[in-house]
Protein chains: 2
Amino acid sequence: MTELTGFPTRKQLRDLKRREIVRCATVKFGTEGYENVTLEAIATELGVTKAALYNYCSSKNDLLMQCYELGMDLLVDAVETAMAGTGSAAERLAAGLKAYIVTMLRPDMQYLWSYTRPMVTSGDKRSVLDSRDKLDAMFRNVLNAGISDGSLRAELDPKLASLVILGAANWVGIWYREGGGQSPVEIAADVTGEALRGYLV
Amino acid sequence: MTELTGFPTRKQLRDLKRREIVRCATVKFGTEGYENVTLEAIATELGVTKAALYNYCSSKNDLLMQCYELGMDLLVDAVETAMAGTGSAAERLAAGLKAYIVTMLRPDMQYLWSYTRPMVTSGDKRSVLDSRDKLDAMFRNVLNAGISDGSLRAELDPKLASLVILGAANWVGIWYREGGGQSPVEIAADVTGEALRGYLV
DNA sequence: GCACTTTGGTAACCGAGGGTCATTAAGCTT
DNA sequence: AAGCTTAATGACCCTCGGTTACCAAAGTGC
């Protein structure tokens with residue numbers, strides 16, 4: 001989010017608009033569901049016509065990809081920050097997982113995540129898949145580090161373990177709905193504890 | 001799959017056709033994705049017109065629900081059978097989970113499962129949600145049984161544990177793609193072992 | 001055997017919505 | 001001022017989910 005000062009250049013203005021479109025679409029896709037949101041609706045909300053949107057995306061699906069990309073970036077950032085601490089690998093793993101879940105449960109991410117992610121197929125934008133791989137790699141790395149520093153069980157298989165752990169975490173994004181008594185932070189703590197139970201020494 | 005002998009009655013014929021439509025739709029939704037399948041395509045493949053389908057379903061989404069229902073029934077049956085053994089609860093849990101994963105990875109279930117499930121919202125057909133609850137209950141029950149018979153750790157929380165375990169299992173349906181070297185049975189065994197690691201005594 | 005309803009299908013159509021394109025208005029540049 | 005680029009518009013097309021009027025064949029009562 002680079003802020004502008006003075007006269008924005010053409011490029012800056014363009015990027016600003018693009019981001020505004022993506023932000024608007026993210027909220028609408030997230031709360032109403034991809035299929036129920038028309039490009040007309042997005043355009044109207046932004047005070048332009050549908051055709052104008054096509055200056056910033058090549059198709060509705062491409063717009064969805066841009067939304068997803070934004071979400072993935074948030075997620076990567078959150079996990080990266082949480083894992084940057086100086087504790088044991090096990091502690092960093094727990095912190096990263098907790099951050100992952102909490103971020104995923106943000107109101108504007110939640111539905112986007114659970115409802116939309118499945119429509120991102122392997123044929124899609126490379127950058128999206130890159131973020132996905134990056135997240136996976138971050139968790140595998142910290143799992144490996146845990147074996148090295150002795151804070152996680154030595155016999156675990158990082159690849160399998162990351163699948164199980166991320167599976168459990170991603171599942172939260174699917175069943176969690178607001179107003180269920182527990183806050184995202186509480187849920188994240190519970191699920192993190194449960195998912196890592198078999199790996200802590 | 002009740003087979004017919006002799007002259008089928010009107011009702012039988014009708015139900016036969018309905019099932020054939022659902023079967024066809026399941027395969028197509030599963031392999032091509034819900035959005036990419038037109039009712040025309042399904043109708044053509046069955047040698048009828050689009051309008052004829054509306055004698056057997058009330059909307060495209062309703063057809064999807066019927067597909068999903070079929071899949072859920074298969075899943076419930078598979079798990080029920082696998083869990084019916086006489087071993088310890090831990091053994092039955094492992095068998096059930098393995099059956100769950102293997103069934104989920106059947107070619108005609110796979111995409112339907114990962115791609116389509118998210119579109120089944122809480123406002124949908126009761127029977128679909130019932131199957132979902134039923135599966136969940138089956139796993140929670142066997143977890144409870146495991147605490148009782150001592151084959152699982154006493155301190156586990158069945159609700160949380162079933163979320164984590166099913167989350168890990170469902171995640172497989174999302175990342176698994178055919179031709180990845182490992183067979184569904186092998187994957188099911190690996191993931192089952194990994195997901196239950198923290199719960200076995 | 002003949003009217004008469006019921007069932008299951010068809011062809012034609014409708015409207016919503018994604019996507020396109022010629023055109024125009026508003027800056028830059030020289 | 002002239003010419004070029006950019007961004008937006010409005011009218012349009014096409015696909016596809018869904019509806020409706022109509023028809024043919026199978027069952028049913030007389």
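Chain letters run A, B, ... following the sequence lines, proteins first and then strands; every chain starts at 1. Please read these numbers as outputs of a predicted model, since none were measured by experiment.
Judged by closest nucleotide on DNA chain C, A:Thr38 is the one of A:Ser58 and A:Thr38 placed further toward the 5' end.
When each of A:Lys28, A:Arg23, A:Lys50 is checked for a salt bridge (charged side-chain N to carboxylate O under 4.0 Å, His left out) with A:Glu45, only A:Lys28 meets the rule.
For B:Tyr54, no side-chain nitrogen or oxygen approaches OP1 or OP2 of C:dG9 to under 4.0 Å. Side-chain N/O atoms of A:Arg14 include one lying less than 4.0 angstrom from OP1 or OP2 on D:dA7.
Across the protein-nucleic acid pair, B:Lys28 atom NZ and D:dG17 atom P stand 12 Å apart, rounded to whole Å. Here the C1' atom of nucleotide C:dA11 and the CD atom of B:Glu40 are 11 Å apart, to the nearest Å. B:Leu64 has its CG atom 18 Å from the P atom of D:dC16, to the nearest Å. What separates CZ of A:Phe29 from C1' of C:dG17 is a distance of 13 Å, to the nearest Å. Separating the NZ atom of B:Lys11 from the C1' atom of D:dG27 is a distance of 13 Å, rounded to the nearest angstrom. When the C1' atom of D:dA7 is taken as reference, atom NZ of A:Lys17 falls 7 Å away, rounded to whole Å. The nearest whole Å value for the distance from the CD atom in B:Glu35 to the P atom in C:dG19 is 11 Å. As rounded to whole Å, 14 Å separates atom C1' of C:dT20 from atom CG of A:Leu53.
Here the nucleotide nearest the side chain of A:Tyr56, chosen from D:dT20, D:dG17, D:dA7, is D:dA7. For A:Lys60, counting side-chain heavy atoms from C-beta on, the closest listed nucleotide (D:dG17, C:dG19, C:dG8) is C:dG19. The side chain of A:Ser59 lies closest to C:dG19 when the candidates are D:dG17, C:dG19, C:dG9.
The two residues A:Leu75 and A:Tyr100 have their closest heavy-atom pair at CD1-O, 3.7 Å.
Interatomic distance, CD of A:Glu194 versus OG of B:Ser162, reported as 9.5 Å (0.5 Å rounding).
A side-chain donor-acceptor contact under 3.5 Å links A:Asp149 to the backbone of A:Ala89.
The base of C:dG17 does not come close enough to the side chain of A:Lys50 for any donor and acceptor atom to sit less than 3.5 Å apart.
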Do B:Asp15 and B:Arg19 pass the salt bridge (Lys or Arg N to Asp or Glu O under 4.0 Å) test, and can you show the C-alpha distance, the side-chain angles, and the key distance before you say yes or no? CA-CA 6 Å; B:Asp15 200 54; B:Arg19 280 211 302 266; 2.9 Å; yes
